[in-house]
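What follows is a short report on a single structure.
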Amino acid sequence: MATTRTTPAFVIGNWKMNGMKASISIAREIADGVASVEKCAVALCPPFTLISAVAEAMVDTAVRIGGQDCHSDAIGAHTGDISAAMLSDAGARYVILGHSERRRDHREKSALIAAKLKQAAEALLFPVVCIGETEEEHDRGRTLSVVRRQLRDSVRDDFVLDAKIPNLIVAYEPVWAIGTGRTPTLAEIAVVHAAIRAQLKRRFGKAGRTIAILYGGSVKASNAAEIFGIPNVNGALVGGASLKADDFLPIVQALERSLSQSQ
Ligand code: PGA
């Protein structure tokens with residue numbers, strides 16, 4: 001009998017350039033809090049220096065670990081960089097690619113993200129490809145064209161030929177909503193996520209229906225439930241609120257509740 005693949009759901013915490021060894025205890029608290037979570041996957045992306053230690057601490061828990069970036073080459077003379085295979089070797093299963101802070105701080109363009117995506121797929125990581133408009137683009141009504149272009153250029157058509165598409169996760173993160181406490185209206189999020197889903201379906205057929213599309217940008221306990229109620233929102237990429245278990249766990253619980261209600 002044919003089985004229907006449902007779209008997976010995720011809450012992924014991005015610690016950015018935060019976290020010392022003492023922060024492993026935060027991951028432990030989060031692991032305790034998600035022990036009974038069944039309907040969504042939970043991952044934390046600590047800085048590179050903590051990946052091995054947090055991954056070790058998370059063995060036998062439901063929490064998976066991710067990196068915040070990887071290089072576009074598999075190996076070689078790239079001082080200060082980390083390859084996808086190294087992330088995997090250190091215990092990571094996910095990698096964030098093309099975060100707007102990388103696009104801004106390191107001038108990363110979508111073509112480079114596409115090359116990184118290939119490496120991530122080779123290493124069998126779950127790549128979380130971030131796209132999103134700046135405030136100026138938003139105010140000029142350019143949101144959909146920016147997001148569509150970034151998605152097209154960051155996830156190239158040939159990616160699907162490698163049959164790596166089922167692992168792909170897309171995160172819509174309006175740049176102006178990241179770390180600001182501001183969020184788009186629910187209607188705006190709905191429109192962008194619908195446009196992303198439409199492009200994924202048009203380009204990747206059946207597989208495009210089951211690629212998770214996360215929302216990111218000032219997600220917190222107080223707005224998570226309403227955001228997860230929006231069609232085509234399959235979870236969240238969480239920055240600031242992933243740094244404390246008390247802030248992060250209610251977001252995971254909100255997604256779990258939303259998924260239970262929609263069944
Ligand atoms: P924020 O960050 O939740 O602190 O807004 C989100 C992100 O950058 O992924």
Side-chain angles (χ1 to χ4, degrees), residues 9-19 23 26-27 30 40-48 50-51 54 63-70 87 92 94-106 108 110 113 116-117 120 125-135 137-138 143 146-147 150-151 154 168-186 188-189 192-193 196 212-228 230 233-255:
F10 304 85
V11 179
I12 300 178
N14 173 11
W15 285 5
K16 309 191 178 185
M17 201 170 71
N18 298 288
S23 318
I26 302 170
I30 289 174
C40 62
V42 177
L44 294 173
C45 301
F48 291 139
L50 288 180
I51 287 178
V54 181
V63 176
R64 295 291 164 266
I65 301 305
Q68 298 173 14
D69 178 49
C70 71
L87 290 177
Y94 291 74
V95 62
I96 298 171
L97 296 176
H99 190 282
S100 64
E101 287 151 17
R102 302 274 329 161
R103 291 181 190 258
R104 180 196 67 203
D105 296 351
H106 300 271
E108 293 193 4
S110 294
I113 314 305
K116 292 181 176 208
L117 182 54
L125 295 172
F126 283 71
V128 185
V129 173
C130 302
I131 53 178
E133 82 287 0
T134 62
E135 179 152 37
E137 289 161 342
H138 176 261
T143 298
V146 168
V147 165
Q150 286 182 348
L151 181 60
S154 305
L168 178 66
I169 300 167
V170 173
Y172 167 55
E173 298 206 303
V175 178
W176 53 275
I178 294 175
T180 59
R182 297 163 56 205
T183 53
T185 64
L186 301 183
E188 282 177 309
I189 297 174
V192 178
H193 278 244
I196 294 170
I213 309 172
L214 313 186
Y215 169 78
S218 296
V219 176
K220 45 189 184 260
S222 58
N223 62 15
E226 57 186 21
I227 290 172
F228 295 145
I230 301 171
V233 173
N234 311 115
L237 182 55
V238 182
S242 70
L243 295 169
K244 278 193 202 150
D246 286 350
D247 293 337
F248 190 70
L249 289 171
I251 298 172
V252 178
Q253 283 145 10
L255 183 57

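Atoms within each ligand, like the ligands themselves, are counted from 1 in listed order.
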State plainly whether the residues Glu135 and Arg182 are in salt-bridge range, i.e. N to O under 4.0 Å. yes
I'd like to know if the side chain of Tyr94 and the backbone of Ile96 have a donor-acceptor N/O pair within less than 3.5 Å. no
Is it true that a side-chain atom of Trp15 and a backbone atom of Ser242 form a donor plus acceptor pair closer than 3.5 Å? yes
Parallel, tilted or perpendicular: which fits the ring planes of Tyr172 and His193, with parallel below 30° and perpendicular above 60°? perpendicular
Heavy-atom contacts under 4.0 Å to ligand 1, chain-then-number order, include exactly Asn14, Lys16, His99, Glu173, Ala177, Ile178, Gly179, Gly217, Ser218, Leu237, Val238, Gly239, Gly240
Scan side-chain atoms only and decide if Gln68 and His99 contain a donor-acceptor pair under the 3.5 Å cut-off. no
Do the non-hydrogen side-chain atoms of Leu117 and Leu168 ever get within less than 4.5 Å of each other? yes
